[in-house]
Participant: 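Let me begin by handing over the structure; questions about it come next.
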Amino acid sequence: MSRYHPLVPAQIDWDRATPRCRHHQDIYFSQDGALDETRHVFLQGNQLPQRWQGHSRFCIAETGFGTGLNFLCSVSEWLRSAAADARLDYLAVEKHPLTRTDLRRAIGYWPSLAKPGAELLEQYPPLVHGLHQRRLMNGRVTLTLLFGDAAEMFADLEGRYVEAWYLDGFAPSKNPDMWTPTLFQHIARLSRPGASFATFSAAGAVRRGLQEAGFEVSTRPGFGRKRDMLSGRLVDAPEMHGRQPWFQYPEATITSKHAVVIGAGLAGCSVAHSLAQCGWRITIIERHAQVAQEASGNLAGVVMPRLTADMSAAGRFYLSAFLHTAHWLNQIKKRNPALPWFQSGVLQLCDDTQQRRMQALGLPPEVLEICDAEDASDRCGVQVPCGGLFYPGGGWLDPPALCHWLLEDEDRNITTLLHQSALDLKRENGEWRIGDAHGEVARAETVIIANGHDAERLLGTDIFKLQKVRGQLVYLEPGSNSAALKTPLCYDGYIIPAYNGLHCVGASYDPDDDSTELRPESEQKVLTALSEKLGLGALTSRSGRVAFRTSTQDHLPVIGPVPDVEFYRREYTDLRHGKPVHKYKKAEYMPGLFISSGHGSRGLASCPFAAQLIAYQLEEYFTNCSHDAHLTTHAARGLIRQLRKQK
Ligand SMILES: Cc1cc2nc3c(=O)[nH]c(=O)nc-3n(C[C@H](O)[C@H](O)[C@H](O)COP(=O)(O)OP(=O)(O)OC[C@H]3O[C@@H](n4cnc5c(N)ncnc54)[C@H](O)[C@@H]3O)c2cc1C
Ligand SMILES: C[S@@+](CC[C@H](N)C(=O)[O-])C[C@H]1O[C@@H](n2cnc3c(N)ncnc32)[C@H](O)[C@@H]1O
């Protein structure tokens, strides 16, 4: 699993239109004509655009995204020559991404690429280590940017999707890290059989490395002052050895793009929307008369990351989830300005020690700012007693409004069945049949279980160890001080700026308590936590709400294909004694069955991210946060932990 590293942005010296990397003392592209070089070396070197004709999907991957010139040239050519409904998947890795300022400057030199350039700039991710995915040009292009070291980031990916490679690290003599045998092996592993590559380099070590990895290599005339370059095809695809077969995913074997989603909270509505956007027809089943009546039914909720000082797998997961969801919400808001998502920033109060630890993560100021008490008070609009962490990209939203919008936005592709309880789930003739007390409600080859803590009952298992945790919110009328609150303010609880005339103040945390009644003791606990931190003056409690979080033992959600428990218990029963990994069979799953549950107290950030992970897995993209997010939230992780302990 790749570890988190603070990113060091590219240090560039500009020689008019030519950027030069200060660290490697090399240029990003030829001074003899950058666009012509890209077309000659990378497009023609891979026989593009001819090779993508007739493909409904085509995947290009690049080592060294740099200024995005190769990407933008490819997009421009794709829009000109590919079928209107065909999709380009572009994967690129970059260890030192350009700052937005340098990127803007570079793009400014290529007027012919202005349109895709403006979209790239607008959607360019914050400079945070990890995987960032963007849909551009009305969904015709998906850009997957891996910010980090190439060999490390590729090691985390699974799937053989790449058809053409652009190998564009700096010259091997100046930057050998981009031309190692390990990297070439990953390149071969991620390639479809017959995939091509092209590179400006003609170095002997590059030729030999690629040949050893299974490519047939030939020399072609280079561009400008370069005599030769290399290109070739994968002729000898390497065997795939999963590192942990019990976490390896099934290959997609779908014959119909119809899915049933069970549960219309944020987990269900967002997965329905993501799949519908990929052309799926969805039937969503909800037991209440309306959507978002349970955990996703609060007046308002906070969208923020849950950082950990050591950037553990959980911290990385929640950071990726937050960055994805904030971007996704902004894109939705552009199409629907009335959506109640407010990117006000979020202030989390904490002590100096915590501030110092978080500062060491080296996150860019657009993601995290450290504030003293005065600064913090300015940002949130009310006087606070201490400093804290400010997340400028965070904010708050109205979860039921978002759920409604998600289903309405794709209503051509989504059928909502309200007042229907999924009571049982059976597989017959290659399909899942969902029944209620009166008979069959719906059926499909693919089913996504997004029904909170009812998931284990429906699946007849307890392997996820889902736990129901009561939470009581207090809705307060704003007082003279609190009316000035501009951002959600988090301490042991949180208070959200007044919305529809009320502050939403959260929330009690009551495991082992099934009561749906509003309790005075819970209200008192919530208000005491608030008044201990903030002197907001007299506030009048108007009402409140009780709902139940679905939590897990490790406080991470459960996302992805549902394991075949019998297979796991049979095949992995001796894990504790440890045969060599390659002696175990690849994991088996319940065919076509997926889950998104256990979103606990951070579901507003994690549900939309889970939706994308599932949709992209079904659609065979390199998925968001790659292996890392999958292992952290894998539906069999608890079961594997149990088998490892078993005597
Ligand atoms: C008090 C409280 C405060 C919170 N505050 C925040 C916050 O500020 N920020 C944040 O990020 N998160 C917050 N959360 C967490 C967040 O609300 C949840 O993680 C998120 O809403 C979970 O969404 P879900 O779709 O998984 O679950 P739910 O919204 O509970 O949806 C599950 C749906 O499945 C339906 N269902 C269940 N069984 C069946 C069945 N058999 N057949 C048909 N339908 C079925 C249910 O009726 C329900 O609509 C809070 C949670 C609580 C309880
Ligand atoms: C020649 S430039 C790429 C130019 C780019 N293709 C373009 O269109 O602008 C090489 C790039 O590789 C990146 N790079 C260098 N070493 C790397 C590594 N180990 N992992 C990932 N990227 C690396 C550099 O930061 C630089 O952006």
Side-chain angles (χ1 to χ4, degrees), residues 10 19 21 23-24 26-29 34 38 42 62-73 92-98 106 146-153 166 168-171 175 177-178 180 183 200 262-271 284-288 290-298 300-304 306 322 325 396-397 399 403 417 419-423 434 436 441 449-455 457-458 469-473 488 490 494 496 504 506-509 545-551 557 596-607 610:
C21 168
H23 179 67
H24 291 104
D26 201 355
I27 49 174
Y28 279 70
F29 34 71
T38 292
F42 297 109
E62 175 177 34
T63 53
F65 184 73
T67 62
L69 172 64
N70 292 340
F71 167 68
L72 294 173
C73 270
V93 66
E94 177 53 65
K95 187 172 180 180
H96 301 293
L98 265 67
L146 300 165
F147 283 164
D149 175 73
E152 235 180 79
M153 302 309 283
Y166 300 173
D168 197 14
F170 291 121
N175 188 25
D177 285 1
M178 282 291 252
T180 61
L183 189 61
F200 64 87
I262 301 174
L266 188 54
C269 294
S270 51
V271 80
I284 184 165
I285 300 176
E286 169 53 51
R287 64 183 168 191
H288 292 292
Q290 255 319 330
V291 307
Q293 297 296 296
E294 300 209 0
S296 309
N298 298 338
V302 186
V303 179
M304 63 187 287
R306 196 185 92 193
F322 163 72
T325 297
W396 54 283
L397 58 78
C403 289
L417 304 180
H419 249 316
Q420 300 272 8
S421 281
L423 294 183
I434 297 115
D436 70 358
V441 176
I449 313 273
N451 59 342
H453 32 82
D454 194 42
R457 181 204 58 77
L458 191 60
V469 180
R470 180 180 182 277
Q472 182 168 329
L473 292 162
C490 305
Y494 59 80
I496 297 179
C504 180
S508 69
Y509 192 87
R545 182 169 194 272
V546 173
F548 294 88
R549 308 164 182 93
T550 302
S551 293
S596 172
S597 181
H599 290 282
S601 304
R602 286 280 191 268
L604 302 191
S606 62
C607 290

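First listed ligand is number 1; within each ligand, the first listed atom is number 1. Numbering starts at 1 and runs along the sequence shown.
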Participant: If we set the cut-off at 4.0 Å for heavy atoms, which region of M178 has an atom near ligand 2: side chain, backbone, both, or neither?
Facilitator: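 It is the side chain that touches ligand 2; the backbone stays farther off.
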Participant: Can you tell which of N451, V469, L473 gets a heavy atom nearest to atom 37 (C) of ligand 1?
Facilitator: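 Answer by nearest heavy atom: N451.
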Participant: Regarding ligand 1, does G301 bring an N or O atom to under 3.5 Å of one of the ligand's N or O atoms?
Facilitator: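 Among all N and O atoms of G301, none is under 3.5 Å from an N or O of ligand 1.
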Participant: For ligand 1, is there an N or O atom under 3.5 Å from any N or O atom of G268?
Facilitator: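 No, since none of the N or O atoms of G268 sits under 3.5 Å from an N or O of ligand 1.
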Participant: A450 near ligand 1, heavy-atom distance under 4.0 Å?
Facilitator: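 Right, A450 reaches ligand 1.
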Participant: Is there a donor-acceptor pair under 3.5 Å between the side chain of E94 and the backbone N or O of G66?
Facilitator: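 Looks like yes, one N/O pair under 3.5 Å.
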Participant: Please could you name the atoms of ligand 2 that K95 approaches to less than 4.0 Å, counting only its heavy atoms?
Facilitator: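 In order of numbering, the contacting atoms are 17 (C), 18 (C), 19 (N), 20 (N), 21 (C), 22 (N), 23 (C).
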Participant: Which of the listed options, F65, F29, F42, holds the heavy atom that is closest to atom 7 (C) of ligand 2?
Facilitator: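 Checking each option, the heavy atom nearest atom 7 (C) of ligand 2 is found in F65.
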Participant: Quick one: does ligand 2 sit under 4.0 Å from the side chain of E62, the backbone, both or neither, non-hydrogen atoms only?
Facilitator: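 For E62, only side-chain atoms sit under 4.0 Å from ligand 2.
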Participant: Would G600 count as a contact of ligand 1 if the rule is a heavy atom under 4.0 Å away?
Facilitator: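 The answer is yes, since G600 has a heavy atom less than 4.0 Å from ligand 1.
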Participant: Does Q293 reach ligand 1 with a nitrogen or oxygen that is under 3.5 Å from one of the ligand's nitrogen or oxygen atoms?
Facilitator: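 No.
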Participant: Backbone, side chain, both or neither: what part of L604 comes under 4.0 angstrom of ligand 1, heavy atoms only?
Facilitator: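 For L604, the contact with ligand 1 is made by both the backbone and the side chain.
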Participant: Please determine if R549 has a nitrogen or oxygen closer than 3.5 Å to a nitrogen or oxygen of ligand 1.
Facilitator: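 Min N/O separation from ligand 1 is not below 3.5 Å for R549.
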Participant: Contact between ligand 2 and G148 is defined here as a heavy atom of the residue under 4.0 Å from a ligand atom; is it met?
Facilitator: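 True for this residue.
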Participant: Distance only, no hydrogens: is a donor on one side chain within 3.5 Å (strictly under) of an acceptor on the other, for E286 and H419?
Facilitator: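 Judged by distance alone, the side chains do not pair up.
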Participant: List ligand 2 atoms under 4.0 Å from D149, heavy atoms only on the residue side.
Facilitator: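 Under 4.0 Å from D149, ligand 2 has these atoms: 18 (C), 19 (N), 20 (N).
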Participant: Which residue is it: T325, L266, V302, N298? I am looking for the one with a side-chain contact (heavy atoms from CB on, under 4.5 Å) to L604.
Facilitator: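 Testing each of T325, L266, V302, N298 against L604, the sole residue satisfying side-chain contact (heavy atoms from CB on, under 4.5 Å) is L266.
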Participant: Answer side chain, backbone, both or neither: which part of S597 comes under 4.0 Å from ligand 1, heavy atoms only.
Facilitator: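 The answer is neither; S597 stays 4.0 Å or more away.
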Participant: Please check whether A295 reaches ligand 1 - meaning an N/O of the residue sits under 3.5 Å from an N/O of the ligand, judged on distance alone.
Facilitator: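 Yes; the residue has a nitrogen or oxygen that sits under 3.5 Å from a nitrogen or oxygen of the ligand.
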Participant: Where do M178 and A150 come nearest, in terms of heavy atoms and distance?
Facilitator: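 Closest approach of M178 to A150: SD-CB, 3.8 Å.
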Participant: Short list, please: which atoms of ligand 2 are under 4.0 Å from a heavy atom of T67?
Facilitator: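 Once the distances to T67 are compared, the set is 7 (C), 8 (O), 9 (O).
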Participant: side-chain contact (heavy atoms from CB on, under 4.5 Å) between F42 and D168: does it pass, once the steps are laid out?
Facilitator: CA-CA 9 Å; F42 297 109; D168 197 14; 3.5 Å; yes
Participant: Is it the side chain, the backbone, both or neither of R457 that has a heavy atom closer than 4.0 Å to ligand 1?
Facilitator: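 Side chain only.
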Participant: Is the shortest N/O to N/O distance between D168 and ligand 2 below 3.5 Å?
Facilitator: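 Among all N and O atoms of D168, at least one is under 3.5 Å from an N or O of ligand 2.
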Participant: Using a 4.0 Å heavy-atom cut-off, which part of H288 comes near ligand 1: side chain, backbone, both, or neither?
Facilitator: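 The answer is the side chain of H288.
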Participant: So is R545 touching ligand 1 or not, going by heavy atoms under 4.0 Å?
Facilitator: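 Outside the 4.0 Å threshold, so no.
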Participant: Quick one: does G68 get within less than 4.0 Å of ligand 2, heavy atoms only?
Facilitator: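 True for this residue.
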Participant: Kindly confirm or rule out an N or O of F548 lying under 3.5 angstrom from an N or O of ligand 1.
Facilitator: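 Between F548 and ligand 1, no N or O pair is found under 3.5 Å apart.
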Participant: Treating S296 as the side-chain partner and G265 as the backbone partner, does any N or O pair qualify as donor plus acceptor under 3.5 Å?
Facilitator: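 The answer is no, because no donor-acceptor pair under 3.5 Å joins these two groups.
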Participant: Answer yes or no: is there a side-chain heavy-atom contact under 4.5 Å between Y509 and R549?
Facilitator: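 They are in contact (side-chain heavy atoms under 4.5 Å apart), so the answer is yes.
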Participant: So, does T550 sit close enough to ligand 1 that a heavy atom of it is under 4.0 Å from the ligand?
Facilitator: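 T550: no contact with ligand 1 (<4.0 Å).
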Participant: Among all protein non-hydrogen atoms, which one is nearest to atom 23 (O) of ligand 1, and what is the separation to 0.1 Å?
Facilitator: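 Looking at atom 23 (O) of ligand 1, the protein heavy atom closest to it is S296 OG, 3.2 Å.
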Participant: Can you tell me if Q420 has a non-hydrogen atom under 4.0 Å from ligand 1?
Facilitator: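 Under 4.0 Å: yes for Q420.
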Participant: Report the relative orientation of the aromatic rings in F170 and H24; use parallel for angles under 30°, tilted for 30 to 60°, perpendicular for over 60°.
Facilitator: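 Plane angle between 30° and 60°, so tilted.
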Participant: Among H24, M153, E94, H96, which one has a heavy atom closest to atom 13 (C) of ligand 2?
Facilitator: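 The residue whose heavy atom sits nearest atom 13 (C) of ligand 2 is E94.
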Participant: Using a 4.0 Å heavy-atom threshold (strictly under), name the region of N298 that reaches ligand 1: side chain, backbone, both or neither.
Facilitator: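 For N298, the contact with ligand 1 is made by the side chain alone.
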Participant: Return yes when Y494 approaches ligand 1 closer than 4.0 angstrom through a heavy atom, no otherwise.
Facilitator: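 Yes.
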Participant: Could you see which bit of S601 sits under 4.0 Å from ligand 1, with heavy atoms only: side chain, backbone, both or neither?
Facilitator: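 It is the backbone that gets close, since no side chain atom is under 4.0 Å.
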Participant: Judging by distance only, is a nitrogen or oxygen of L266 under 3.5 angstrom from one on ligand 1?
Facilitator: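 Min N/O separation from ligand 1 is below 3.5 Å for L266.
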Participant: Applying the side chain to side chain donor-acceptor pair (under 3.5 Å) test to H599, which of S596, S597, S601 qualifies?
Facilitator: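 Between H599 and the candidates, side chain to side chain donor-acceptor pair (under 3.5 Å) is satisfied uniquely by S596.
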Participant: Between A171, A150, G169, flag the one that comes closest to atom 20 (N) of ligand 2 by a heavy atom.
Facilitator: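 Nearest heavy atom to atom 20 (N) of ligand 2 lies in A150.
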Participant: Between the side chains of S421 and D436, does any donor sit under 3.5 Å from an acceptor?
Facilitator: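 Note: S421 and D436 side chains miss the donor-acceptor criterion.
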Participant: Does ligand 1 come near enough to G603 that some N or O of the ligand is less than 3.5 Å from an N or O of the residue?
Facilitator: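 So ligand 1 has an N or O lying under 3.5 Å from an N or O of G603.
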Participant: Using distance alone, determine whether S421 and ligand 1 share an N or O pair under 3.5 Å.
Facilitator: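 No; every N/O pair is 3.5 Å or more apart.
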